[in-house]
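First up is the structure itself, then whatever we jot down about it.
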Amino acid sequence: MPSSHPCWRRLPVIETTRAVVLARGMGRRMRARDDGATVAPEQARVAETGLKAMIPVGRPFLDYVLAGLADAGYREVCLVIGPEHQSVRERYGTMAMRTRVSFAIQREPLGTADAVLAAEPFTHGEPFLVLNSDNYYPVSVLASLRALDEPGLPAFGRAALVSDGDIPPERIARYALLDIAADGYLRRIVEKPDEATFRTFGDDAYVSMNCWMFSSDIFRACRAIPLSQRGELELPLAVQYAIDEYGARFRTLPVHARVLDLSSRADIAGVTERLRGVEARP
């Protein structure tokens, strides 16, 4: 049951134009050597840094992410980066873009909820989108989130992620599962499900790809949660805390579409091929 905290608010009736891109991760899987992966020398050099968003796949992958946001109508973007990510500042702090880019520094890689907290001053209390820097989401999905008048998220069907996005099934089995109520609102999010839980949800279950529309209320939950077993402040745990303790409601948007996932060196060749011919105008 919700606690006595102030009720979770709907989004104010204003146009949502702000997006927060999480680009601080350590990229451990990307840094790991993979002799079977097909990568060009420059791609391998960037992969060794773990900075997945800057891997060249025609252009730096982040160019495509930012172009997708601009195409979906977002005009202000905050890149959450580490203090060592000077190359990101140098590129996106100087180039002419359709989006206005600013930066938030996450001093230590303490998890996605901590990264969202780093961007709090950027949001100015307004609704904002949160998304990964190593995923390329459909523009239509990003635009649908802008149209919401309440917090929410796309619920991605697993089958399409495998067939259309070429994401390995074993990787999707580790994605957060979404327990959605009959009214379309999120009831529970299961981060890092075990095999038994995965089977319980079934093959037609929906998963989270860490793409969210939030109100400023999410910051309370991000501050309230303890460290996870991995020693991080994790965004799915903050969302579940908000549901359980604040009575938060998150509208789900069922989606059957591909998302390009640039997690490891084995992904680079496929993502490069799928983005071939895609115009990227950040």
Side-chain angles (χ1 to χ4, degrees), residues 11-25 42-43 46 51-82 85-106 112 115-116 118-149 151-154 165 209-216 253 255 257-262 271-282:
L11 298 182
V13 185
I14 61 174
E15 184 180 28
T16 302
T17 62
R18 297 179 185 271
V20 173
V21 180
L22 307 181
R24 174 63 173 95
E42 179 60 16
Q43 291 173 328
V46 179
L51 193 52
K52 295 178 285 187
M54 295 301 286
I55 291 177
V57 287
R59 300 167 63 106
F61 186 76
L62 188 52
D63 280 21
Y64 295 92
V65 174
L66 294 174
L69 288 170
D71 290 343
Y74 296 88
R75 293 293 173 257
E76 299 177 78
V77 177
C78 178
L79 300 178
V80 181
I81 58 176
H85 294 155
Q86 189 59 31
S87 62
V88 180
R89 278 185 172 277
E90 290 173 355
R91 179 173 181 82
Y92 299 105
T94 58
M95 67 185 294
M97 303 175 65
R98 289 186 290 160
T99 53
R100 184 168 65 183
V101 172
S102 58
F103 304 91
I105 302 299
Q106 186 185 16
T112 48
V116 168
E120 183 174 9
F122 160 80
T123 67
H124 293 289
E126 297 179 9
F128 62 100
L129 180 77
V130 169
L131 67 162
N132 291 335
S133 65
D134 57 351
N135 288 138
Y136 181 68
Y137 305 90
V139 171
S140 60
V141 171
L142 301 178
S144 295
L145 288 168
R146 281 192 66 232
L148 283 178
D149 63 352
L153 72 156
M209 293 290 290
N210 205 39
C211 184
W212 304 85
M213 179 59 68
F214 285 131
S215 72
S216 60
L253 303 176
V255 176
R258 78 179 186 188
V259 175
L260 300 185
D261 184 29
L262 193 61
V271 169
T272 301
E273 180 60 31
R274 285 184 176 273
L275 289 175
R276 194 181 306 278
V278 174
E279 183 181 9
R281 286 196 308 116

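- You'll find the side chain of F122 stays beyond 4.5 Å of the side chain of V80, heavy atoms only.
- The line from SG of C211 to CG of L22 is 10.0 Å long, rounded to the nearest 0.5 Å.
- Under the side chain to side chain donor-acceptor pair (under 3.5 Å) criterion, Y137 pairs with N135, not counting sequence neighbours.
- Residues forming a side chain to side chain donor-acceptor pair (under 3.5 Å) with R75 (at least two apart in sequence, or on another chain): none.
- Side-chain contact between I55 and V271 is absent, with no heavy-atom pair separated by less than 4.5 Å.
- Interatomic distance, CZ of R59 versus CE of M54, reported as 11.0 Å (0.5 Å rounding).
- In terms of heavy atoms, T99 sits closest to L66 at CG2-O, 4.4 Å.
- Using a 4.5 Å heavy-atom threshold, the side chains of L129 and M213 count as touching.
- Residues V130 and T112 have side chains not in contact (no heavy-atom distance under 4.5 Å, counting atoms from C-beta outward).
- A heavy-atom distance below 4.5 Å is found between the side chains of Q43 and T272.
- Between the R18 side chain and the E76 main chain, no donor and acceptor come within less than 3.5 Å of each other.
- Taking all atoms of both residues into account, the shortest heavy-atom contact from F61 to L260 is CZ-O, 4.3 Å.
- With sequence neighbours excluded, no residue satisfies side chain to side chain donor-acceptor pair (under 3.5 Å) with E90.
- In this structure, the separation between CG on L153 and CG on L131 is 13.0 Å, given to the nearest 0.5 Å.
- Annotation for S133 and V65: closest pair O-CG2, 3.7 Å, computed over non-hydrogen atoms.
- Within 6.0 Å of the CZ atom in R100, the count of heavy atoms belonging to other residues, nucleotides or ligands does not exceed 12.
- With respect to the salt-bridge test (charged N to carboxylate O, under 4.0 angstrom), the residues D71 and R98 qualify.
- Residues V278 and R274 share a closest heavy-atom pair of CG2-O, 3.9 Å.
- Aromatic ring pairs are classed by plane angle as parallel below 30°, tilted from 30° to 60° and perpendicular above 60°; the pair F214 and F128 is tilted.
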